[in-house]
Amino acid sequence: MASRSLFAAFRQISGLTAISRVLGFIRDVVFAHYLGAGAATDAFLVAFKLPNLFRRLTAEGALTNAFLPSYSLARQQKSDKAALILAAEVQTALFLGLSLIVLVMEVFMPLVVAGLAPGFADTPDRLAAAVDLARLTMPYLPMISLVALWAALLNSQDSYFGGAFAPVILNACLIGGAFCVPFFQTNLDLSAAYLGVPVALAVLLAGTGQMVLLQHQLRRARLRLPLFRFGLSSDARRMWFSFVPAALGAGMMQINLLVDLVLASFLATGSISWLYYADRLAQLPLGLVGIALGTALLPRLSRLEAKTGSAAEKQAGFCAELASAIRPAAILTLPAVAALLILPEVLITGLFRSGAFQLSDAQAAALALMAYAFGLPAFVGLKLTQSALYAMDKGRFVLLTSSVSVALNICLSLVLMQIYQHVGLALATSLVSWLALIWQAAWLARARRLDGASLMVVLKAAFASGIMAAGLYAALPGLQTLLSSDLLVMLICVAAGMGLYGLAGHLLGLTTALFGRAERQRT
């Protein structure tokens with residue numbers, strides 16, 4: 001039953017994430033057309049980085065991982081009422097703490113942005129725009145953090161729609177904001193660096209819409225939380241105690257991203273944007289597969305750990321649940337890796353080359369995409385291993401691996417950027433992610449929470465992906481000679497790759513491994 005629920009939850013989350021990612025690509029195409037890859041995009045991306053960074057630190061990257069195991073334990077050992085009291089106490093502390101952070105950041109924003117992107121000092125207009133846009137986007141932090149907490153609460157009840165649909169609202173608002181750029185530019189006489197103002201305003205509109213959606217979903221699930229509940233129960237104290245290493249671990253992972261941003265600001269103008277557009281493509285399979293599976297996996301593994309029973313039964317159930325996530329992760333991620341390695345420029349050019357986004361921008365972003373593609377299996381795998389470790393209340397071990405990864409990432413980035421410029425930053429991120437994955441997987445194996453049940457499926461998926469890659473590599477020159485449309489070449493390559501992988505996978509039994517297993521579990 002648990003495996004069937006995991007697959008059903010994965011399908012729902014992945015489906016809604018697919019809608020969000022499609023809108024995300026439309027958003028990025030509109031961004032590329034109206035903002036290009038210059039000062040305006042750099043300024044907005046730095047400004048939007050701040051609420052995203054703190055959101056991942058305080059909510060999605062730490063609080064959720066500490067909250068769900070504590071909430072599941074309170075429901076299992078006490079009552080639903082005790083669990084809701086815990087949620088209300090966490091909500092109060094989160095809202096008040098983040099509101100204070102926003103006030104402080106608004107005051108000291110020039111210093112914050114200067115530290116976040118020191119290379120902007122050479123371009124005063126870009127620096128001033130980043131500061132002003134950051135002041136506009138910063139109030140999004142408490143909004144989206146509360147949304148993340150409410151989504152975690154709904155996930156614990158096997159209700160995933162609200163949390164998975166919230167990014168759709170954000171992308172729709174950002175698209176609308178980007179379309180307003182010409183109007184603002186004409187009527188307000190905005191300078192080039194300030195073209196992101198309507199997009200920044202759209203962020204706040206999105207936060208309001210997301211909060212309304214999640215509150216509606218909470219009422220439907222009959223989860224009514226008071227806005228304020230002061231004081232800390234024993235469950236809340238235990239949760240915050242677990243939150244500290246989880247927050248530090250999430251902070252370490254975010255420092256990896258900040259290192260790229262800070263160092264890229266010293267490189268050629270557009271480097272931040274090239275890394276952004278490459279990362280957006282790499283994030284597609286990560287979101288559809290890794291994040292979706294990790295989101296569905298954490299509450300299930302947390303419930304397994306909270307249950308009473310023998311150690312052997314817990315270990316067997318844990319391994320089975322984790323294996324049921326690894327199989328679809330491999331089947332769906334490895335062909336994406338092959339496609340991103342073989343078709344990076346085709347994909348970037350087909351999606352983003354228009355308006356202010358030039359061919360040279362597409363070529364630079366394509367090189368970064370190949371570096372990110374190398375680390376994609378590790379990015380996806382870490383979503384699963386970290387969910388397993390947080391369910392076991394091993395946030396301190398995640399902190400240890402994250403800290404080592406940050407130190408290595410800084411060293412590798414400083415070396416590789418001298419040789420490969422912005423591509424070196426992406427490559428360093430991929431390399432340290434592989435190290436963290438191997439380390440965490442080895443620990444889970446020693447703890448008898450990970451076995452080799454999925455190894456054969458992983459090898460078959462890799463072989464089928466190799467067949468697909470060889471076919472695309474052979475066909476690509478002919479397609480580019482025959483067709484002049486970048487978009488048409490991309491669409492044909494994507495369709496041919498899917499067909500070739502589907503055929504090879506079917507002959508190797510991957511269809512049965514993915515769908516047949518789920519069908520047997522359903523019956």
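Below, all heavy atoms of this structure are taken into account, side chains as well, without hydrogens, waters or symmetry copies. In this chain, numbering begins with 1 at the start of the sequence shown. Predicted model only: the values in this text are computed from it and were never measured.
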(message) Between Ser433 (side chain only) and Gly375 (backbone N and O only), is there a donor and an acceptor less than 3.5 Å apart?
(response) no
(message) Is any side-chain heavy atom of Arg27 closer than 4.5 Å to one of Arg280?
(response) yes
(message) Leu408 and side-chain contact (heavy atoms from CB on, under 4.5 Å): which single residue from Ile410, Val404, Val406 fits?
(response) Val404
(request) Carefully, step by step, assess Leu482 and Val489 under the rule side-chain contact (heavy atoms from CB on, under 4.5 Å). (result) CA-CA 9 Å; Leu482 291 173; Val489 171; over 6 Å; no
(message) Donor-acceptor pair, distance only, cut-off 3.5 Å: does the side chain of Ser20 make one with the backbone of Leu16?
(response) no
(request) Could you tell me whether the side chain of Lys460 and the main chain of Leu508 form a donor-acceptor pair under 3.5 Å? (result) yes
(message) Quick check against the 3.5 Å criterion: does His422 have a side-chain atom that pairs as donor or acceptor with the backbone of Leu367?
(response) no
(request) Give, for atom CG of Leu275 and atom OG1 of Thr429, the distance between the pair rounded to the nearest 0.5 Å. (result) 8.5 Å
(message) I'd like to know if the side chain of Thr349 reaches the main chain of Val346, judged simply by a donor and an acceptor atom lying under 3.5 Å from each other, with no hydrogens or angles considered.
(response) no
(message) Just so I know, are the side chains of Val102 and Glu106 near enough to count as touching, which here means a heavy-atom distance under 4.5 Å?
(response) yes
(request) Run the numbers on Lys394 and Val398 for side-chain contact (heavy atoms from CB on, under 4.5 Å), then give the verdict. (result) CA-CA 7 Å; Lys394 297 299 180 183; Val398 177; 5.7 Å; no
(request) Could you tell me whether the side chain of Leu332 reaches within less than 4.5 Å of the side chain of Leu288, counting heavy atoms only? (result) no
(message) For the backbone of Ala330 and the side chain of Thr333, can you confirm whether one donor and one acceptor N or O come within less than 3.5 Å of each other?
(response) no
(request) Looking only at non-hydrogen atoms, find the nearest pair between Ser387 and Leu297 and report the distance. (result) CB-CD2, 4.3 Å
(request) Determine whether Leu322 and Ile326 make a side-chain contact, defined as any pair of heavy atoms from C-beta on separated by less than 4.5 Å. (result) yes
(request) Carefully, step by step, assess Leu286 and Lys383 under the rule side-chain contact (heavy atoms from CB on, under 4.5 Å). (result) CA-CA 9 Å; Leu286 177 59; Lys383 293 298 180 183; 4.1 Å; yes
(request) Walk me through it: do Phe44 and Val203 pass the test side-chain contact (heavy atoms from CB on, under 4.5 Å)? (result) CA-CA 11 Å; Phe44 173 75; Val203 171; 4.3 Å; yes
(message) Could you check whether any side-chain heavy atom of Gln440 comes within less than 4.5 Å of a side-chain heavy atom of Leu389, counting everything from C-beta outward?
(response) yes
(message) What's the separation between atom CG in Leu205 and atom CG in Leu174, rounded to the nearest 0.5 Å?
(response) 9.5 Å
(request) Determine whether Trp434 and Leu382 make a side-chain contact, defined as any pair of heavy atoms from C-beta on separated by less than 4.5 Å. (result) no
(message) Can a donor-acceptor pair be found, under 3.5 Å and without considering hydrogens, that links the side chain of Ser271 to the backbone of Leu267?
(response) no
(request) Taking all non-hydrogen atoms of both residues into account, name the closest pair between Leu340 and Ala373 and its distance. (result) CB-CB, 3.5 Å
(message) Less than 4.5 Å apart, side chain to side chain, heavy atoms only: is that true for Val337 and Pro377?
(response) yes
(request) Taking the side chain as every heavy atom from C-beta outward, state whether Tyr501 and Leu510 have any atom pair closer than 4.5 Å. (result) yes
(message) Using every non-hydrogen atom in the two residues, find where Pro344 and Met370 come nearest and quote the distance to one decimal.
(response) CG-CG, 3.4 Å
(request) Kindly give the heavy-atom pair with the smallest separation between Ala364 and Trp274, and that separation in Å. (result) CB-CD2, 3.5 Å
(message) Can a donor-acceptor pair be found, under 3.5 Å and without considering hydrogens, that links the side chain of Ser485 to the backbone of Leu488?
(response) yes
(request) Would you confirm whether Gln210, through its side chain, and Ala166, through its main-chain N or O, come within 3.5 Å as a donor-acceptor pair? (result) yes
(request) Rounded to the nearest 0.5 Å, what's the gap from CE on Met417 to CG on Leu412? Could you check? (result) 13.0 Å
(request) Measure from the side-chain N and O atoms of Thr385 to the backbone N and O of Ala441, and report whether any donor-acceptor pair falls under 3.5 Å. (result) no
(request) Supply the atom-to-atom distance Phe463 CZ to Ile467 CD1, rounded to the nearest 0.5 angstrom. (result) 4.0 Å
(request) Kindly assign one of parallel, tilted or perpendicular to the pair Phe48 and Tyr140, based on the angle between their ring planes and the thresholds 30° and 60°. (result) tilted
(request) Could you tell me which non-hydrogen atom of Gly471 sits nearest to which non-hydrogen atom of Leu500, and how far apart they are? (result) CA-CD2, 3.9 Å
(request) Determine the minimum heavy-atom distance between Ser324 and Pro328, stating which atoms define it. (result) O-CD, 3.1 Å
(request) Drop me the distance from Leu281's CG to Leu369's CG, to the nearest 0.5 angstrom. (result) 5.5 Å
(message) As an exercise, state the distance from CG of Leu263 to OG of Ser413, rounded to the nearest 0.5 Å.
(response) 6.0 Å
